[in-house]
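Naming: A, B, ... by sequence-line order, numbering from 1 per chain. Values reported hereafter were calculated over all heavy atoms of this structure, with side chains retained and with hydrogens, waters and symmetry mates removed. Values in this document were obtained by computation on a predicted structure and should not be read as measured data.
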Number of protein chains: 2
Amino acid sequence: MTAFIGEFNCKLDEKGRLSIPSKLRAQFPEAVGNTLVVNRGFEKCLVLYTKEDWLDETAKLNAVDDFMSPDIRRFKRIFTNGANLVQIDGAQRILVPKKLLEYAELTAEVILVANGNKIELWDQAIYESELNVDAAEMSQLAQLFHQQRNQG
Amino acid sequence: MTAFIGEFNCKLDEKGRLSIPSKLRAQFPEAVGNTLVVNRGFEKCLVLYTKEDWLDETAKLNAVDDFMSPDIRRFKRIFTNGANLVQIDGAQRILVPKKLLEYAELTAEVILVANGNKIELWDQAIYESELNVDAAEMSQLAQLFHQQRNQG
DNA sequence: TGCAATTTCCCACAATTTCCCACAATCTCC
DNA sequence: GGAGATTGTGGGAAATTGTGGGAAATTGCA
């Protein structure tokens with residue numbers, strides 16, 4: 001599994017092309033080649049994976065049997081159906097499908113946030129509000145995290 | 001885990017380069033190589049880790065599954081959001097990303113404070129006001145610390 | 001089949017980053 | 001205290017990166 005690190009400001013041009021910062025590009029293992037996968041995130045953002053990591057993710061999902069329940073089938077469908085293959089072009093850019101741009105409300109200023117094997121794409125303004133927490137809320141979140149970690 | 005000790009005065013040049021004092025550099029284990037991670041601190045400062053220590057920190061976070069809840073995802077994001085890789089150059093300097101410089105209001109005079117596996121970077125003026133405590137306040141803080149440690 | 005619109009590929013310029021070198025200041029050892 | 005070595009600081013130049021736009025190719029529609 002790849003482990004990406006970094007937060008980057010990027011620009012989306014009018015053609016919907018997003019250039020990958022060289023600092024991030026350098027973190028891709030050679031084997032990745034030029035093919036990535038973009039998908040909708042749970043929040044109003046997009047998620048970028050290497051093709052290999054994406055296949056791992058879907059393999060984990062598919063380990064859960066479809067027979068189990070309609071909800072399982074529905075979740076798997078919804079989670080998977082936004083995924084798109086994208087190619088990195090000669091100028092280190094990817095062309096993000098319009099549908100996904102609209103979903104995450106990406107316009108010009110985009111933030112790439114790498115964490116583990118995922119790279120999230122956020123509209124700058126939305127990202128800032130997501131991260132803007134006051135102390136009270138923060139300690140509540142910490143408590144929640146603490147609980148959920150311990151109950152597994 | 002690395003254990004750094006010391007407080008150092010450093011200068012930031014106009015290009016955003018911060019030179020690491022040799023006394024501190026000498027404390028890095030050989031294996032660290034030239035790659036470090038900088039991130040925003042909770043207070044108005046930055047935090048520097050070895051890459052290894054940073055990956056340990058995030059591994060703890062990522063032990064909790066993203067599917068669990070939006071709050072979990074948010075909490076993890078808030079923790080890891082500003083992380084960036086930095087390289088130590090031939091003159092023992094790191095280039096701190098502009099975004100982070102602005103966040104911590106670092107200008108010219110910077111204080112490095114090593115503590116455990118973290119090295120905090122503070123603007124000198126801000127650091128001094130942070131440390132400016134009288135005896136009464138200090139003993140009150142100690143009391144608070146004692147209470148909170150014991151209740152977990 | 002032809003036209004229009006979109007997509008893909010390619011090139012070029014501007015801005016930033018990285019690398020390198022040199023000098024000044026400090027420290028250490030004799 | 002002095003000389004040499006090491007460390008800190010600054011800046012210039014080359015290489016790289018990011019950004020934009022144009023032209024060719026492909027697709028879709030009439």
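For the pair Glu120(A) and Arg77(B), the salt-bridge criterion is met [side-chain N within less than 4.0 Å of a carboxylate O]. Comment: Lys118(A) engages Asp66(B) in a salt bridge, judged by a side-chain N to carboxylate O separation of less than 4.0 angstrom. For Lys60(A) and Glu57(A), the salt-bridge test passes: some basic side-chain N is under 4.0 Å from an acidic carboxylate O.
When distances are taken from the side chain of Lys15(B) to each of dT19(D), dG12(D), dG18(D), the shortest belongs to dG12(D). The side chain of Pro21(B) lies closest to dG8(D) when the candidates are dT18(C), dG8(D), dG20(D). Ranking dG21(D), dT19(D), dG10(D) by closeness to the Arg17(A) side chain, first place goes to dG21(D). Considering only the side chain of Ser22(B), dG8(D) comes nearest among dT19(D), dG11(D), dG8(D).
Across every strand in view, dA24(C) sits in a pair with dT7(D) that passes the Watson-Crick or G-U test at under 3.5 angstrom. For dC19(C), the paired nucleotide is dG12(D), the pair qualifying as Watson-Crick or G-U wobble because both relevant distances are below 3.5 Å.
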Just distance, no hydrogens or angles: give the donor-acceptor pairs under 3.5 Å from side chains in residues 90-98 of chain B, sequence neighbours left out.
| residue | atom | partner | partner atom | Å |
| --- | --- | --- | --- | --- |
| Gln92(B) | OE1 | Arg25(B) | NE | 3.1 |
| Arg93(B) | NE | Asp89(B) | OD2 | 3.3 |

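Atom CD of Gln92(A) and atom P of dT19(D) are 13 Å apart (whole Å). With rounding to whole Å, Glu14(A) atom CD is found 18 Å from dG18(D) atom P. In this structure, Lys11(B) places its NZ atom 9 Å from P of dT26(C), rounding to the nearest Å. Taking atom CZ of Phe8(A) as the reference point, atom P of dT16(C) lies 18 Å away to the nearest angstrom. Per the geometry, NZ belonging to Lys23(B) stands 11 Å off C1' belonging to dT7(D), to the nearest Å. Leu18(A) has its CG atom 17 Å from the P atom of dT17(D), to the nearest Å. Distance, Arg25(B) CZ to dG8(D) P: 11 Å, rounded to whole Å. Here dT8(C) presents its P atom at 15 Å from CD1 of Ile88(A), a figure rounded to the nearest Å.
Nucleic acid contact class of Ile20(B) (heavy atoms, under 4.0 Å, all strands): sugar-phosphate only.
Side-chain nitrogen and oxygen atoms of Ser19(B) include none within less than 4.0 Å of the OP1 or OP2 phosphate oxygen of dG8(D).
Scanning both residues, Tyr127(B) and Glu7(B), for their nearest heavy atoms gives OH-OE1, 2.7 Å.
Mapping Ala91(B) and Leu95(B) onto DNA chain C by nearest heavy atom places Leu95(B) closer to the 5' end of the strand.
Side-chain atoms of Arg93(A) and base atoms of dG20(D) include a donor and an acceptor less than 3.5 Å apart.
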